[in-house]
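Please read the structure below before turning to the comments.
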2 protein chains.
Amino acid sequence: MARVAGVSRATVSRVINGIRNVDPDIQATVRQAIATTGYVPNRAARSLVTRRTGAVALVLSGAGADEDPSPSPLLTDPFFGRVVAGIISFLRPRGIHPVLMFAETAQSRAQVVSYLRQGDADGALLVSTHAADPLPAQLVEAAVPAVLFARPADPIPISYVDVDHRAGAALAADRLVELGRRRVATICGPLDVPAAQARLAGFQDAMARHGHAFVPYSEGGFTYDSGEQAMERLLAERLDLDGVFVANDLMAQGALHALRHHGRSVPDDVAVIGFDDSSAATACRPPLTTIRHPVEGMAAEMGRLLLDHIDEPGRTPTSVIFEPALIVRASG
Amino acid sequence: MARVAGVSRATVSRVINGIRNVDPDIQATVRQAIATTGYVPNRAARSLVTRRTGAVALVLSGAGADEDPSPSPLLTDPFFGRVVAGIISFLRPRGIHPVLMFAETAQSRAQVVSYLRQGDADGALLVSTHAADPLPAQLVEAAVPAVLFARPADPIPISYVDVDHRAGAALAADRLVELGRRRVATICGPLDVPAAQARLAGFQDAMARHGHAFVPYSEGGFTYDSGEQAMERLLAERLDLDGVFVANDLMAQGALHALRHHGRSVPDDVAVIGFDDSSAATACRPPLTTIRHPVEGMAAEMGRLLLDHIDEPGRTPTSVIFEPALIVRASG
DNA sequence: GTGAAAGCGCTAACAC
DNA sequence: GTGTTAGCGCTTTCAC
């Protein structure tokens, strides 16, 4: 390659890496030679000396200590697809690709940390399903640059992006009040998850601001069936409710089913508002009014933060909080 | 590291790479030293000499020449999650991680080929959404080891796994006949997709074997809305139909909606059978009877084939065809 | 069975 | 502004 261009390897390297101090004419010659030979620099050789791989890990992580070999639940969730799309959209223009890894068992978490230390990737983007995930702390300890998708349950010095759950829940409350609903309840997520807590608290607070001191709630597990059951419990308690905020769309879908089963029409008898704006929201009949996170934007921001941490290892952890939006559809 | 164990670097290398010819005692000493120092070999240095990265690319590919920056449609499809889960389950025990890449534009396809040539990955697992995808041929030309998820539309020398679409459609036909349905129709996928063709042909052939010479069909685009519309057309044509085979679950979900809209109960008035056993199949009311591909198993086989091709570059392309299964639920 | 030495392809000091 | 040189950390002949 250097021979073809009639210059030294060092000069070729300078041209490829965009270092100034290279004569424009020579630069052109080298580029020409690159184009005709179809030369591509060897990645391994480069990262051996730069100590950078140009890759980042995208880690999907749970807290389970069990031996579940299948990471399907998260993977099958369209939410994950949006995260990946957002990450890719930021990373691809920069020529870096995410390496996919899973970490649901203690063993696989150790593997992930070991890989990162080995230099398979320069840092990690972490999407956890469970609040009690020990991986973030392990990464901090291993001094691996990392960014989380949501605020960790335990406060640890690590960067993350998140959505303002309280504000989102308040949006739902305002909407129900605006629709003139007076007998409102909510189905919340598992209360050991910080996001679920925040959505419940945010909803209750906003309703209180509108004069509704007490909002009954029923706890679900963020699944279709748990939403259906929670709705059943709510209806058993007070059959005359006319509005319900459900902490995610999947549960809202279940709630819709329970309401139909009881002959309550949506939104005429009962207005239903979900959270997430997942694909479930549009697949539902009626389509769900819901709260949308800017997931793709959040994912892109994760990439940005991670690159900052990689460039400047000592950097202080940062959090970036995004504002959710109300998406009005037919259900409320 | 070599110093700590009191042996040469060469010996450490032999132990790590499991080369025989090493004295068991020395082996133990070295392993001990590895454990105490927490030593991990540098990946870049290793692949510089072995010319292997120990990574494979997982490429999601479309045919679009446009500048759509978002690969969401496929990513958001739970089917993709199952593919990834299957690939991971095979790759992870072997210590190799997939690098995620997208290729929907000519530019991004070129980038993928360039990356593979650059040695970012030893080979590629390709999942295409469109039949006319030019990437497989480009990979063949670049002599990059690659395996496809489905048979390419144009015959090219490349390995792939696929499901026996005709057999799956025949399973659906047999089931409808077994249920005593006499006025049967089908909603097929876009007929430029080989899989859609095979499902239609397989269904028609099997119905013919059961004495039904003619089966009306309506073409959809594998989406919810197109399924709904195709069902509408079918109903306009013959309102008395009592069974329908829909070429994928998403369209079947749309068809269910159209049937409900027309006051036809499922499965009493009309039996509905889908294809894919996607998450849509169980989220539906009633849950869908459908044809299940062993997606995870197929994905794992892709990994196996790819590793074979990487180990033995000259190897003849192979295809592995999987048998689908009928999953009986409430809809038919 | 084990060590010594060469070299994978690149970048980065350092001379010029 | 460009060439020369010295490694990056590993695997792998080749002697012993």
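Here is how names work: the chains are called A, B, and so on, in the same order as the sequence lines, proteins then strands, and each is numbered from 1.
- Here the side chains of A:Leu58 and A:Val99 are not in contact, with every heavy-atom distance at 4.5 Å or above.
- Residue B:Asp154 qualifies as open at atom CG: its count of foreign heavy atoms under 6.0 Å is 12 or below.
- The 12-atom threshold is exceeded at CZ of B:Arg43, counting heavy atoms of other residues, nucleotides or ligands nearer than 6.0 Å.
- If you take CG of A:Asn42 and C1' of C:dG9, they are 6 Å apart, rounded to a whole angstrom.
- In this structure, the side chains of B:Val40 and A:Ser114 come closer than 4.5 Å at one or more pairs of heavy atoms.
- Taking the six-membered ring wherever Trp is involved, the centroid distance between the rings of A:Phe322 and A:His293 does not fall below 6.0 Å.
- Between the side chains of A:Ser108 and A:Thr105, at least one donor N or O lies within less than 3.5 Å of an accepting N or O.
- Residue A:Arg51 places at least one side-chain N or O under 4.0 Å from the OP1 or OP2 atom of D:dG9.
- Here C:dT11 presents its C1' atom at 15 Å from CZ of A:Arg43, a figure rounded to the nearest Å.
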Could you encode protein contacts along nucleotides 11-16 of chain D as a string, one character per nucleotide from 5' to 3', using B for base contact, S for sugar-phosphate-only contact and - for no contact, with a heavy-atom cut-off of under 4.0 Å?
BBB---
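- Going from atom CG of A:Leu48 over to atom P of D:dC8 covers 9 Å, rounded to whole Å.
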